Amino acid sequence: MAISSALWSFALVVGLLTLTPGLDTALILRTSALGRRRRAWGVVLGIQTGTLVWGAFTSLGVTALLTASHLAYTALRWIGAAYLIWMGARVLRDSFRGLPTADADDSSLAAGADSVSGGWRQGTLTNLLNPKMGAFYVAVLPQFIPPGADHFTMGLLLTTVHIVIGLLWSAVLIGFARVLQGRLRKPQARRLLDRITGTVIGIFGIRLALSN
C-alpha cells in the first residue's frame, strides 16, 4: 500500500466514523446549541488533543511491536478487520432495532462558563476516557502503515488526517448546530445514515481480512 493510498483509505474510514453521531457529536452540538461558541471550540480542540495523544502513543507502541514480530502485525490486521466488521454489524443492527446512541449527560453542559479553557478540559477528558478511541487506534491504525514506512512518523501523519477531518466537521456542527441537531433526531434520517455507514465499514473490514 502506497502512502497516498493509505492516507485516502484512512481518511475514508475516519471520515465515516466522524460523521456518525456519537458522544463527541452530541457534546459539540449541545454546547453550541446553548450559545456557548467559545466553549464549543474549546471542546473541539480538547477532543482533537485527545486524538493526537491516542495516535502518538499507539504509533510508539506499534513501532516496537511490529519491529519485533511479523506475527504481531498479522494478528493486528485480523484484530482490526474483526473490529471494523463488528462495528459495522452493530451499527446496522441498532439501526434496524431503532436503538438510540448514548449521549452525554445534559448536566455536563449545564456547568461552566463560556470559555475555551473550560471546553478544552471537558473535550480532552471525554476523549481520553473513551476506551473506544484507544481500541480503534490500537486495532486499526497499524493496518494503514505501508511496509518500509517509519511507523511513528506515518502514525502521526494518519492521526493528523483524522484531526483535520474532525476540525472541519466540527466547524460545520458549530455553524449549523440547531439545524443539524433537529435533523439528526429524525428517526428516518438517523436510520439511513447508520445503515450506509455500517455497510461501508463492514465491507472495509471484510476487505481488510481478505487482504494479503
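Quick caveat, the model's predicted, so the values are computed rather than measured.
- Minimum interatomic distance between T51 and T159 (heavy atoms only, all atoms of both residues): O-CG2, 3.6 Å.
- One hydrophobic cluster, built from ILVMFWY side chains closer than 4.5 Å, cannot hold both I203 and V91; they sit in different ones.
- Once rounded to the nearest 0.5 Å, the distance linking CG of L19 with OG1 of T25 reads 8.5 Å.
- The shortest side-chain heavy-atom distance between L92 and R195 falls under the 4.5 Å cut-off.
- Interatomic distance, F152 CZ to I145 CD1, rounded to the nearest 0.5 Å: 11.0 Å.
- Side chains of M154 and F144 form no contact here, defined as non-hydrogen atoms less than 4.5 Å apart.
- Of the inter-residue distances, the one linking T160 atom OG1 with I165 atom CD1 reads 11.0 Å to the nearest 0.5 angstrom.
- Take W120 and apply the side chain to side chain donor-acceptor pair (under 3.5 Å) test, not counting sequence neighbours, and it matches T49.
- Between L141 and W54, every side-chain heavy-atom pair lies at or beyond the 4.5 Å cut-off.
- If you take NE2 on H162 and CD on Q48, they are separated by 6.5 Å, rounding to the nearest 0.5 Å.
- In this structure the side chain of F136 reaches within 4.5 angstrom of the side chain of L17, judged on heavy atoms.
- Here the shortest heavy-atom pairing between S115 and G118 reads OG-N, 3.2 Å.
- With hydrophobic clusters built from ILVMFWY side chains whose heavy atoms lie under 4.5 angstrom apart, V200 does not share a cluster with W8.
- Using a 4.5 Å heavy-atom threshold, the side chains of F10 and V14 count as touching.
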side-chain contact (heavy atoms from CB on, under 4.5 Å) between T126 and I47, intermediate numbers included: CA-CA 7 Å; T126 299; I47 290 172; 5.6 Å; no

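- Contact annotation: the side chain of W78 never approaches that of Q143 to less than 4.5 Å [non-hydrogen atoms, C-beta and beyond].
- Through direct or indirect side-chain contacts shorter than 4.5 Å among Ile, Leu, Val, Met, Phe, Trp and Tyr, V164 is connected to L168.
- Across A6 and P146, no two heavy atoms sit closer than the pair CB-CG, 4.1 Å.
- Taking 4.5 Å as the limit, some side-chain heavy atom of V44 sits within range of a side-chain heavy atom of I28.
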Show your reasoning for whether side-chain contact (heavy atoms from CB on, under 4.5 Å) applies to I174 and R37. CA-CA 7 Å; I174 292 174; R37 290 294 183 92; 3.6 Å; yes

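- For the atom pair CG (L156) and CG (L52), the distance works out to 7.0 Å, reported to the nearest 0.5 Å.
- Within the model, atoms CH2 of W169 and CG of D24 stand 13.0 Å from one another, a figure rounded to the nearest 0.5 Å.
- Taking T153 as the reference, D150 meet the side chain to side chain donor-acceptor pair (under 3.5 Å) condition, with sequence neighbours excluded.
- Hydrophobic clustering (side-chain heavy atoms under 4.5 Å, transitive across Ile, Leu, Val, Met, Phe, Trp, Tyr) groups V140 together with W86.
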